[in-house]
Amino acid sequence: SEDPALLGDVCPKSDYGTEPVDVLSSGKGKYTAVYDNGEWGNLISGFAPVINSSGKTVAVVGLDIGVNIINEVIKKYLTILICIVLLSCVALYFSIYFIFNKMVVKPIKVLENASMKIASGDFEINLPAKYLKKSDEIGNLSRAYSEMSENIRKIINDISNVMTEMSNLNLAVSVSAKYVGDYSPIKKSINNIISAYNDLLVMFGSVAYQVSLGSKQVSDFSQTLAMGANNQANSIDELSASVSVLEEEAKKNSENAKLA
């Protein structure tokens, strides 16, 4: 085979495509696809502009490189490239895992624990401030959990306070918590219970007054009966005494009649 072309050698224009002309006109480098040169085998040709001090493209530099040389270089560094790619993939995996675990998994675990506490009846949940301050979905969910537990806790405390006051016969008590949505019927029911108890006490008071009034009347009547019975007893005693006197007089008269 012939020696490679040297710098300054002139090659026929037909040896190349339109790439050198394009580089000369545009001032930007280009390269060809793989082509069969025949004598030199499969080649890839690259072209770069030569620009003078005024910024004008005055020439084109071309370079031909055999595909077999490129393949040898690729084979030489392929193992290194594969190792670099694998290490990059592993590093990327752990980076994504760490970020995902920190931004998604850990907050969800915290919310899961909060849900379990609420399910067990413990509404004293304290979510980390860093989650409550977030402006994403995790932040919205954290704030919703915190507000939900606080509202339920206030309603439970309010109901407990109302029941305690009612057990102490304080029926002037009223609900103070905010009952919204499906909790509104609870507020209405509590107010109805308080109102019903008040009405019942009013009725009991009226009945007690009537009973007291009836008891007084019965007492007065009993006293009247007692006084009448006492007077009748005195009259009977006086009548009995009169009968005894008459009986004595009758005996004396009978004796006098026998003596005569």
Side-chain angles (χ1 to χ4, degrees), residues 74-213:
I74 292 175
K75 289 179 181 178
K76 182 178 179 180
Y77 293 101
L78 183 61
T79 303
I80 298 175
L81 289 174
I82 292 174
C83 291
I84 292 174
V85 170
L86 289 176
L87 290 175
S88 300
C89 290
V90 172
L92 180 62
Y93 169 78
F94 281 106
S95 298
I96 294 175
Y97 173 79
F98 176 77
I99 295 173
F100 184 79
N101 184 68
K102 182 179 179 180
M103 297 183 65
V104 179
V105 176
K106 288 185 68 176
I108 290 178
K109 283 289 185 182
V110 172
L111 293 176
E112 180 185 5
N113 293 333
S115 300
M116 293 178 66
K117 289 183 66 176
I118 292 175
S120 63
D122 183 4
F123 298 98
E124 290 287 346
I125 63 172
N126 297 309
L127 297 178
K130 61 181 179 180
Y131 296 149
L132 296 173
K133 293 179 180 178
K134 292 172 71 69
S135 59
D136 55 8
E137 288 76 9
I138 295 296
N140 294 334
L141 190 59
S142 299
R143 287 187 291 274
Y145 262 83
S146 181
E147 184 177 353
M148 175 188 67
S149 63
E150 182 67 15
N151 289 338
I152 295 176
R153 188 178 62 82
K154 287 181 178 178
I155 289 174
I156 291 175
N157 290 339
D158 189 54
I159 294 174
S160 176
N161 176 66
V162 170
M163 295 296 104
T164 301
E165 291 298 321
M166 289 179 64
S167 67
N168 294 329
L169 301 181
N170 177 19
L171 297 181
V173 67
S174 61
V175 294
S176 60
K178 186 178 181 181
Y179 294 75
V180 296
D182 290 338
Y183 294 111
S184 298
I186 298 177
K187 179 179 180 180
K188 183 178 180 181
S189 297
I190 292 175
N191 288 331
N192 290 339
I193 291 172
I194 295 174
S195 178
Y197 266 85
N198 278 310
D199 293 342
L200 188 61
L201 283 182
V202 171
M203 184 182 68
F204 281 165
S206 177
V207 170
Y209 175 75
Q210 295 296 331
V211 170
S212 175
L213 184 61

Distance-only, no hydrogens or angles: does the [X] side chain make a donor-acceptor pair with backbone N or O of [Y] under 3.5 Å?
X      : Y      : answer
Asp158 : Ser176 : yes
Asn198 : Ile194 : yes
Ser146 : Ser142 : no
Asn157 : Arg153 : yes
Ser195 : Asn191 : no

Heavy atoms from other residues, nucleotides or ligands near [atom1] of [X] exceed 12 (cutoff 6.0 Å):
X      : atom1 : result
Lys178 : NZ    : no
Asn168 : CG    : yes
Met163 : CE    : yes
Met116 : CE    : no
Lys134 : NZ    : yes

Could you tell me if the side chain of [Y] sits less than 4.5 Å from the side chain of [X], heavy atoms only?
X      : Y      : answer
Tyr77  : Ile84  : no
Leu111 : Leu127 : yes
Lys109 : Glu112 : yes

First locate atom [atom1] of [X], then atom [atom2] of [Y], and finally report the distance between them rounded to the nearest 0.5 Å.
X      : Y      : atom1 : atom2 : answer
Asn192 : Lys187 : CG    : NZ    : 12.0 Å
Asn126 : Lys117 : CG    : NZ    : 6.5 Å
Glu150 : Ile155 : CD    : CD1   : 10.5 Å
Ser135 : Arg143 : OG    : CZ    : 7.5 Å
Glu165 : Ser167 : CD    : OG    : 7.5 Å
Asn113 : Ile118 : CG    : CD1   : 11.5 Å

Is there a donor-acceptor contact under 3.5 Å linking the side chains of Tyr183 and Asn151? no

For Pro185 and Asp182, which heavy atoms make the closest approach, and how far apart are they?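 Where Pro185 meets Asp182 most closely, the heavy atoms are CD-O, 3.2 Å.
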
With sequence neighbours excluded, tell me which residues meet side chain to side chain donor-acceptor pair (under 3.5 Å) with Ser115. Tyr145

